[in-house]
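Worksheet: the structure to be examined is printed underneath.
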Amino acid sequence: MPQDVLQEILLRRGFLCPSYEVYGGVSGFYDYAPLGAMLKRNIENLWRRYFVVEEGFFEVDTPTIAPEQVFVASGHVENFADPVVSCRKCGTTYRADHLVQERLGLSSVSAEPEKLQELINEHGIKCNCGGELGEVARSSLMFSTGIGAGGRRRGYLRPETAQGMFILFPRLYAFYRKRLPFGVAQIGRAYRNEISPRQGLLRLREFTQAEAEIFVDPAEKAKHPRFAKYAGDRLRLLPRDGVEVVLSASEAVRRGVLPHEFLAYYLAHTQRFLLELGIPAERLRFRQHLRDEMAHYAEDCWDAEVKTERYGWVEVVGIADRTDYDLRAHERMSGAEMKAFRQFSEPVVRRELRLVPEMQTLGPEFRALAPKIAEKVRSLGERAAREFERTGRLEVEVGDERVVLTERHLRVEEVELRVTGEKFTPHVIEPSFGIDRILYAVLECALSEREGKRVLRLRPAIAPVKAAVFPLLAKEELEKLARSLFEELRRQGVVAVYDASDSIGRRYARVDEIGVPFAVTVDFESLENGTVTLRLRDTAEQLRVASREVPELIRSLCSGMSWQELRERLEAES
RNA sequence: GCGGGUGUGAUCUAGUCUGGUCAGGAUUGUGGCCUUCCAAGCCACCUGCCCGGGUUCAAAUCCCGGCACCCGCACCA
C-alpha cells in the first residue's frame with residue numbers, strides 16, 4: 001500500500017494535522033484532531049493498565065517547567081547542548097567540536113565552547129568557504145524560559161518527564177513505606193527544540209512520554225519478584241554485537257544477553273503491551289544501544305523497535321538501566337538525601353575503640369577552639385584510637401592551627417556497635433514510551449485494504465469510535481429504532497456514530513476507514529422481531545442479535561470477548 | 001542549519017517552462033430524489049492558486065524574502 005494513503009486518511013478523516021496551519025505551520029508540532037486525540041487517550045489508558053494498575057505503581061503529575069538546577073544536576077544542561085559555530089560570510093553552521101576535531105586530526109576534543117574557541121583562534125580555523133568563523137555558542141536542545149516577574153530565575157521546559165519523578169524520590173520512598181522495589185509512572189509532555197524535526201510524528205518538538213521509574217536495590221536486580229509470569233515469553237533481541245537472537249526471557253538472562261531479570265521483565269512486559277496494541281510480533285524487536293549511542297545517564301539500554309513501511313525500524317520505547325546516576329546527581333545538587341535503607345538479616349555487632357575528648361581540660365585550655373577539636377577527634381576512627389593508646393599523643397589540625405593532644409585531653413573507650421543495616425542509593429530501571437511514535441506505528445500496522453477500500457483494523461479497545469448505528473434505509477420507522485439504539489449506546493458509555501445518508505455500503509466503507517470495529521444495522525426484520533445485524537469491521541461478517549443486547553455485547557467485544565466467542569454463543573442458543 | 005526539490009478546494013491532481021481567454025479533472029463532504037446490506041445512479045451545492053513584497057496594462061505562472069513539506073548532509077541525550 002502506498003505510504004501516503006495513511007497520511008491522507010489521517011488528515012482528511014480528522015486524526016492529525018500540522019499545528020498552526022492557518023498561520024503557515026510551525027515545524028515539529030502536530031495537533032491531534034478529534035479521532036487522533038481519542039486514539040491517543042485510549043493508548044495512554046491501555047498503558048496505564050499495564051504500567052500503573054497491573055504493576056501496582058502509582059501515577060504522578062509533575063510540572064513541565066523546572067528551575068535550572070534540576071537540569072544542571074541531571075546533566076542535561078551540559079550534555080544536552082551542542083557547541084556550534086557559524087561562518088560570518090556564508091552562514092553555514094558547524095558542530096564546533098566536530099569541525100575542530102576534523103581539521104586538527106584529533107580523535108577527541110573538549111566540548112567546552114571556551115576551549116574550542118581557543119583552538120579555532122590558535123589554529124586559524126576557517127569555514128569551508130574561506131570565511132571567518134563567529135563565536136562558538138552552545139545551542140541547547142532545551143527550551144528555556146524565565147520564572148517569575150521579569151523572568152529572573154532561569155527555567156527549562158523538561159526534555160523528559162523522568163526528572164520530576166527522581167526529585168520526588170524522598171516523598172515516594174515514604175509513600176511506599178520504605179520498601180523496595182517500587183515504581184512510579186507519569187504520562188506527560190516533554191519538549192526538545194530539535195534543530196530540524198522531520199518525519200511527522202516521529203520527531204516532535206513537543207511530544208508525549210509515558211515513563212515508569214522503578215526504584216530497585218541494586219543487590220536485588222538479578223531477581224524480579226514476578227519474573228515467572230514472563231519467563232517463557234520469546235523476545236527477538238539484537239544485542240550490541242549485532243547478532244540477532246530469539247530467546248525466551250529466562251534464557252536471555254541465563255545466557256547473559258540481558259544483564260538481569262529486571263530488565264528482561266520489562267522487555268517482556270513492554271512486548272505484551274505493544275502486541276495488545278495490535279503491533280504484530282514480526283514487526284517488533286529489541287535492540288541494544290551501542291556504547292556511544294547511550295544517553296549520558298544510562299548503563300544499558302534496549303529499544304523496542306517497530307518496523308514501519310515508511311521509515312524502517314523506528315524506536316518506540318527505550319528501556320534503560322539508569323543506575324543510581326540521577327538520584328546521586330540530585331542528592332549532590334540539592335543536599336537532600338536520596339537514599340534507601342537496607343536492613344541486614346541480622347544486626348552486625350562489632351566492638352570498636354574510640355577516642356573521647358575530655359572537655360574539662362580541653363575547654364579551659366583551648367577556649368574557642370575546643371569544640372572544633374572535639375568534633376575532629378570524634379570523627380577519627382579506630383586506627384587513630386589504637387595509635388593514641390600506643391603513643392599517648394595525637395596531633396590534629398583544626399582550621400589553620402596544629403594542636404598536640406595528650407592523655408590529659410583524651411581517653412580511649414571501647415564501645416559496642418550494632419549495625420542493623422546500611423544506606424544505599426537505589427538504581428532505576430526506566431521503561432520510557434514515546435506515545436506519538438507508538439500511535440504512528442499502531443496506525444501504520446492497522447491500515448489494510450479490502451476490495452480497494454481502506455480498512456483501519458484498530459483493536460476495539462483502542463479504536464476511537466466503537467460502534468456505528470445505521471438504519472438500512474432512510475425511512476422514518478427504521479430511523480426511529482436506530483436512533484433509540486444509538487442513544488442507548490451512548491448512555492452506556494459507548495462512543496458511537498449515527499449515519500443515515502447514502503447507501504449502506506458507503507456508510508460501512510466510511511466507518512471502516514476510521515477504524516470503527518462494529519456496525520449495527522436496523523432493517524425491516526428489526527421492526528418485526530427486535531433483532532438487528534451486528535457487523536465485524538475486519539471480515540464484514542454479520543450476526544443477528546437482539547437489539548437490547550447490543551450495548552452490552554459491544555462493551556464485551558471491546559474489552560476482550562472475541563467475535564468467535566460471540567458467534568459460538570449465538571449458535572449454541574439457537 | 002546547509003544543498004536540491006515541492007507548495008492549486010477537505011484530499012489527490014492538470015495548468016507554471018511559453019504571464020491574459022484558466023482556475024479544469026477526480027475523490028471526499030453537504031442537501032435532495034431514488035434505494036431492502038457492503039463506496040450504485042441522478043440533480044444541486046460548499047470549499048482553492050502557502051504567506052508577504054516586487055516586476056507588469058495584466059501574475060497560479062516571472063523575481064525576491066518568509067513559512068511548511070519531501071530528499072540528501074549534519075543532528076537525534
Side-chain angles (χ1 to χ4, degrees), chain A residues 2-5 7-14 17-29 33 71 74-82 84-87 90-95 98-99 102 111 127-129 139-142 159-160 162 190 192-200 202-205 289 292-298 301 310 314-315 318 320 322 325 432 434 450-455 470-475 478 499-513 519-527 532-537 539-542 544:
Chain A
Q3 298 165 344
D4 303 334
V5 169
Q7 202 77 16
E8 192 261 337
I9 293 173
L10 298 185
L11 208 52
R12 187 164 46 78
R13 292 298 189 183
C17 61
S19 296
Y20 314 110
E21 221 181 352
V22 298
Y23 285 105
V26 181
S27 144
F29 298 92
F71 298 114
S74 70
H76 284 89
V77 168
E78 191 189 347
N79 293 297
F80 212 63
D82 300 327
V84 293
V85 65
S86 299
C87 172
C90 71
T92 308
T93 303
Y94 299 93
R95 270 286 294 268
H98 290 185
L99 183 72
E102 181 200 313
C127 175
N128 285 326
C129 78
S139 164
S140 178
L141 287 172
M142 285 192 291
E160 58 174 8
R192 296 178 186 181
N193 201 358
E194 298 282 353
I195 298 168
S196 72
R198 292 230 179 120
Q199 305 174 316
L202 301 195
R203 263 178 82 199
L204 296 171
R205 288 186 165 131
H289 273 206
D292 58 2
E293 156 183 40
M294 220 127 47
H296 59 272
Y297 49 70
C301 185
R310 190 176 182 126
V314 167
E315 165 198 350
R322 293 180 77 134
Y325 177 93
S432 169
R450 178 168 62 223
E451 295 162 14
K453 292 170 281 187
R454 285 70 189 245
V455 181
F470 306 140
L472 183 58
L473 299 174
K475 297 255 188 251
L478 297 179
D499 194 354
S501 66
D502 292 306
S503 73
I504 188 74
R506 189 181 201 80
R507 283 177 274 160
Y508 285 139
R510 229 180 335 232
V511 295
D512 283 347
E513 197 176 58
V520 183
T521 301
V522 172
D523 57 17
F524 292 97
E525 199 181 329
S526 312
L527 300 176
V532 294
T533 62
L534 181 59
R535 170 188 181 269
L536 178 65
R537 171 198 64 204
T539 58
E541 185 191 346
Q542 288 184 323
R544 202 143 194 112

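By convention in this document, chain letters (A, B, ...) are assigned in the order of the sequence lines, proteins followed by strands, and residues within each chain are numbered from 1. Everything numeric here is computed off the predicted structure, so don't read it as measured data.
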Output yes when a side-chain donor or acceptor of Arg506(A) lies under 3.5 Å from a complementary backbone atom of Ser501(A), and no otherwise. no
So which nucleotide does [N] pair with, by the Watson-Crick or G-U wobble rule with both distances under 3.5 Å?
N	result
A59(B)	none
A26(B)	U11(B)
C2(B)	G72(B)
G65(B)	C51(B)

Using atom [atom1] of [X] as one end and atom [atom2] of [N] as the other, report the distance to the nearest whole Å.
X	N	atom1	atom2	answer
Asp499(A)	G29(B)	CG	C1'	11 Å
Arg510(A)	A40(B)	CZ	P	10 Å
Ile9(A)	A39(B)	CD1	P	16 Å
Gln542(A)	C38(B)	CD	C1'	8 Å
Glu160(A)	C76(B)	CD	C1'	15 Å

Donor-acceptor side-chain pairing of Ser74(A) and Tyr325(A) below 3.5 angstrom: no
Write down the distance separating the [atom1] atoms in [N] and [M], rounded off to the nearest Å.
N	M	atom1	result
U61(B)	G52(B)	P	13 Å
G48(B)	A10(B)	P	7 Å
U28(B)	U18(B)	P	38 Å

Atom CZ of Phe29(A): over 12 foreign heavy atoms under 6.0 Å: yes
Residue met sooner reading RNA chain B from 5', once Tyr23(A) and Phe524(A) are mapped to nucleotides: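 On the 5' side of the pair lies Phe524(A).
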Let me spell it out: for each of Val26(A) and Leu11(A), pick the nucleotide of RNA chain B with the closest heavy atom. Which residue's pick is nearer the 5' end? Leu11(A)
Going by the side-chain hydrogen bond (donor to acceptor under 3.5 Å, both in side chains) test, name the single residue among Arg454(A), Arg535(A), Arg507(A) that passes it with Asp512(A). Arg535(A)
